[in-house]
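Data block below; observations after.
These figures come from a predicted structure and were not determined experimentally.
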Amino acid sequence: MSANIQRIIIDKDQVVTVTLKPHALNIFEEPQNNLWTFDLEGRLIGMYVNGINYRRTLDNHFFKKTRRRFNGETYREVNPISMDEAKRLLEKGQTFLKRVESELPVSFQFYVRKVLDMDVTRLTESGERFSRIYLPISILPPDQYMALVLQITEGCNYNQCTFCNFYRDRPFHIKTVEEVEHHFKDVKSFFGEGIKLRKSIFLADANALVIPQKKLVTFLDLIRCKFPDIPRLYSFIDVFTGTKKSTEDFSTLANLGLERVYLGVESGNSELLDFLHKPQLTDDILELSNHLKMGGVRLGIIFLVGAGGEFFRQKHLEDSLKLVKRLPLDSGDIIYISEFYETNPQYRSTMETRGIEVPTRLDIRTMSTEFKAAVKQMVPKGVSVSIYDIQQFIY
Ligand code: SF4
């Protein structure tokens, strides 16, 4: 199905354009330039109304994405909106669609009906169904926000870093083959035609590659069989368990579709890593990165900036740059600079015990700007260096 565009004048100055794409349906209204996007099951994905961006999560929460200027810096913000407001905004788009429905070609009708039927009550039901299939999707790398998440493990097998609160709500669990088969069946049925929006698969939760190799290969074979239209796989990996896999292991996984893994390096400074209760060694980071690259898997390296405040700033930057220099980076790899957000009370108490001043948001922004500029100068051509704002994450 290629994109099919219908432009209909509904008033002397007002035009509604409905676009049926291979993966989504859009309603665009002029002159206000309002836009609504739905998946092919009729579920609202996002909308741009009166100059504001809104997103709906698959568990049916609605958020407003805005920018705020503070002390000369721009901060992106994501804030929830009420169900009443979401309903009003959704119905505005559906009303435009209703007005042009009869003028749309037959090929549109099936999907238009789905969109019109998917009111807030049905979206709520869909959200509840999603929450029965998945534990909360805590975080993904920015280039994977539109991935199809497959939760083949739950939680984090380490779960002790003082700056991280993502998986404290669940025990670590590697699913059995039966549980994974059941999960895949539920996921396929839930997404329906909406799966066409998903261009990659992300293996969740925190470090799915911790699964023993033989079992992991079984899971990846199953994924190939059940989701043949989404060939590229992505995952987080941790240094503690990643070093147990060899180049050959990664080569096998790459042949099964593993494209890139994201490694929370956080810092090249071992004192800061100890302070954050993430005692990984530079040599292990390098060994794992080399095994991955030799196995044909791309790298997504994540540095955490702002943790440990001004006390760690200089040594964190210097040692991280030394590490970047030694990493086997080339075109297609990514370095993310994650601005620290305090989510774990353990971090605050460690800072207080050590008598370290907690940095402000502006301090952290200054550090990340400096860090990004320095890393950019050091990486080979084709390596992307980007900010990773965990507060922007919506699934
Ligand atoms: S940072 Fe990674 S390894 Fe540490 S607790 Fe969080 S998910 Fe686990």
Side-chain angles (χ1 to χ4, degrees), residues 67-78 138-139 141-142 156 158-166 168 238-239 262-286 300-327 329 334-379 383-393:
R67 289 165 191 247
R68 185 171 62 94
R69 292 284 294 171
F70 177 67
N71 274 358
E73 289 287 326
T74 302
Y75 296 86
R76 290 166 185 236
E77 297 196 333
V78 178
S138 306
I139 190 72
C156 167
Y158 179 64
N159 224 6
Q160 292 177 49
C161 306
T162 51
F163 59 92
C164 169
N165 221 16
F166 288 133
R168 302 284 162 146
D238 69 81
V239 176
Y262 302 84
L263 177 58
V265 158
E266 323 305 353
S267 176
N269 180 262
S270 54
E271 193 193 342
L272 176 56
L273 289 170
D274 285 346
F275 177 76
L276 298 171
H277 285 199
K278 196 168 187 178
Q280 53 197 13
L281 303 173
T282 299
D283 283 350
D284 288 345
I285 294 169
L286 290 169
I301 301 286
I302 304 162
F303 286 100
L304 182 65
V305 174
E310 186 59 36
F311 181 83
F312 281 101
R313 176 182 179 163
Q314 197 56 34
K315 37 194 171 187
H316 173 33
L317 177 62
E318 283 171 10
D319 290 345
S320 297
L321 291 176
K322 282 186 203 154
L323 174 59
V324 169
K325 210 171 179 178
R326 296 176 68 196
L327 284 167
L329 298 166
I334 300 178
I335 293 191
Y336 281 124
I337 292 151
S338 175
E339 292 187 351
F340 174 68
Y341 285 93
E342 203 178 323
T343 54
N344 188 330
Q346 205 185 342
Y347 169 81
R348 173 66 65 129
S349 73
T350 317
M351 290 286 272
E352 283 167 2
T353 309
R354 288 279 298 268
I356 301 173
E357 200 176 322
V358 176
T360 63
R361 284 251 53 83
L362 185 61
D363 295 336
I364 292 176
R365 173 56 56 89
T366 307
M367 290 180 210
S368 74
T369 306
E370 172 189 53
F371 201 101
K372 185 178 169 195
V375 171
K376 266 192 137 171
Q377 293 216 327
M378 189 157 282
V379 295
V383 175
S384 141
V385 182
S386 306
I387 297 291
Y388 182 170
D389 183 352
I390 58 169
Q391 295 221 319
Q392 295 292 311
F393 172 63

**Request:** For the pair Gln280 (side chain) and Gly264 (backbone), establish whether a donor and an acceptor sit closer than 3.5 Å, ignoring hydrogens and angles.
**Result:** yes

**Prompt:** Just checking, is any N or O donor in the side chain of His277 or Thr162 under 3.5 Å from an acceptor N or O on the other one?
**Reply:** no

**Item:** Min side-chain heavy-atom separation Pro279-Leu273 under 4.5 Å
**Value:** no

**Message:** Looking at Asn344 and Cys164, would you say the former's side chain and the latter's main chain have a donor-acceptor pair under 3.5 Å?
**Reply:** yes

**Item:** Test item: Tyr347 side-chain N/O and Cys161 main-chain N/O as donor-acceptor pair under 3.5 Å
**Value:** no

**Request:** Answer yes or no: is there an ion pair linking Lys315 with Glu318, defined by an N-O contact shorter than 4.0 Å?
**Result:** no

**Request:** Heavy atoms only: give me the nearest Met351-Val358 pair and the separation to one decimal.
**Result:** CE-CA, 4.0 Å

**Message:** Any side-chain to backbone donor/acceptor pair from Arg365 onto Thr74? Under 3.5 Å, distance only.
**Reply:** yes

**Message:** If I take atom CE from residue Met367 and atom CD from residue Gln314, how far apart are they, to the nearest 0.5 angstrom?
**Reply:** 11.0 Å

**Interatomic distance, Phe163 atom CZ to Leu272 atom CG [nearest 0.5 angstrom]** = 9.0 Å

**Rounded distance [0.5 Å steps], CZ in Arg348 versus OG1 in Thr343** = 12.0 Å

**Message:** Heavy-atom count check: over 12 atoms from other residues, nucleotides or ligands less than 6.0 Å from Arg354 CZ?
**Reply:** yes

**Asked** Would the Phe303 and Phe371 ring centres measure less than 6.0 Å apart?
**Response** yes

**Message:** Within the 4.5 Å heavy-atom criterion, are Tyr158 and Asp238 side-chain neighbours or not?
**Reply:** no

**Message:** Hydrogens and angles aside, do Asp363 and Thr366 bring a side-chain donor and acceptor to less than 3.5 Å of each other?
**Reply:** no

**Prompt:** Does the side-chain contact (heavy atoms from CB on, under 4.5 Å) test come out yes or no for Met378 and Val375, once each step is laid out?
**Reply:** CA-CA 5 Å; Met378 189 157 282; Val375 171; 5.6 Å; no

**Request:** Determine the interplanar angle of the Tyr336 and Tyr262 rings, folded into 0 to 90°, and report it as parallel if under 30°, tilted if 30 to 60°, perpendicular if over 60°.
**Result:** parallel

**Any side-chain heavy-atom pair of Arg313 and Glu310 under 4.5 Å** = yes

**Asked** Atom CD of Gln160 and atom CG of Leu276: how far apart are they, to the nearest 0.5 Å?
**Response** 13.0 Å

**Fill in**
Taken to the nearest 0.5 Å, the spacing of Ile302 CD1 from Ser267 OG works out to 14.0 Å

**Item:** Glu370 atom CD: more than 12 heavy-atom contacts under 6.0 Å
**Value:** yes

**Message:** Would you say that Val383 contacts Ile334 through its side chain, given a criterion of any heavy-atom pair below 4.5 Å between the two side chains?
**Reply:** no

**Request:** Could you tell me whether Arg361 and Glu77 have a side-chain N and a carboxylate O separated by less than 4.0 Å?
**Result:** no

**Request:** Please tell me if the side chains of Arg326 and Thr282 come closer than 4.5 Å, counting only heavy atoms from C-beta onward.
**Result:** yes

**Request:** Would you please name every residue forming a side chain to side chain donor-acceptor pair (under 3.5 Å) with Ser368, sequence neighbours left out?
**Result:** Glu339

**Request:** Please name the residue in the list Ile139, Val305, Ile337 that meets the side-chain contact (heavy atoms from CB on, under 4.5 Å) test with Tyr388.
**Result:** Ile139

**Request:** Heavy atoms only: give me the nearest Pro359-Gly306 pair and the separation to one decimal.
**Result:** CG-O, 3.4 Å

**Request:** Please lay out, stage by stage, how Thr350 and Ile356 fare under the test side-chain contact (heavy atoms from CB on, under 4.5 Å).
**Result:** CA-CA 9 Å; Thr350 317; Ile356 301 173; over 6 Å; no

**Message:** Just so I know, are the side chains of Leu327 and Val265 near enough to count as touching, which here means a heavy-atom distance under 4.5 Å?
**Reply:** no

**Message:** Does atom CZ (Arg68) have a neighbourhood of more than 12 heavy atoms from anything else shown, all under 6.0 Å?
**Reply:** yes

**Request:** Indicate yes or no for a side-chain donor-acceptor contact from Ser320 to the backbone of Gly268 under 3.5 Å, with no hydrogens or angles considered.
**Result:** yes

**Check: Tyr341 and Asp389 side chains under 4.5 Å, non-hydrogen atoms** = yes

**Message:** To the nearest 0.5 Å, what is the distance between CG on Asp274 and CG on Asn269?
**Reply:** 9.0 Å

**Message:** Quick one, Lys372 and Val385 - any side-chain contact, counting heavy atoms below 4.5 Å?
**Reply:** yes

**Arg76 and Gln391: CA distance, side-chain angles, deciding distance, side-chain contact (heavy atoms from CB on, under 4.5 Å) verdict** = CA-CA 8 Å; Arg76 290 166 185 236; Gln391 295 221 319; over 6 Å; no

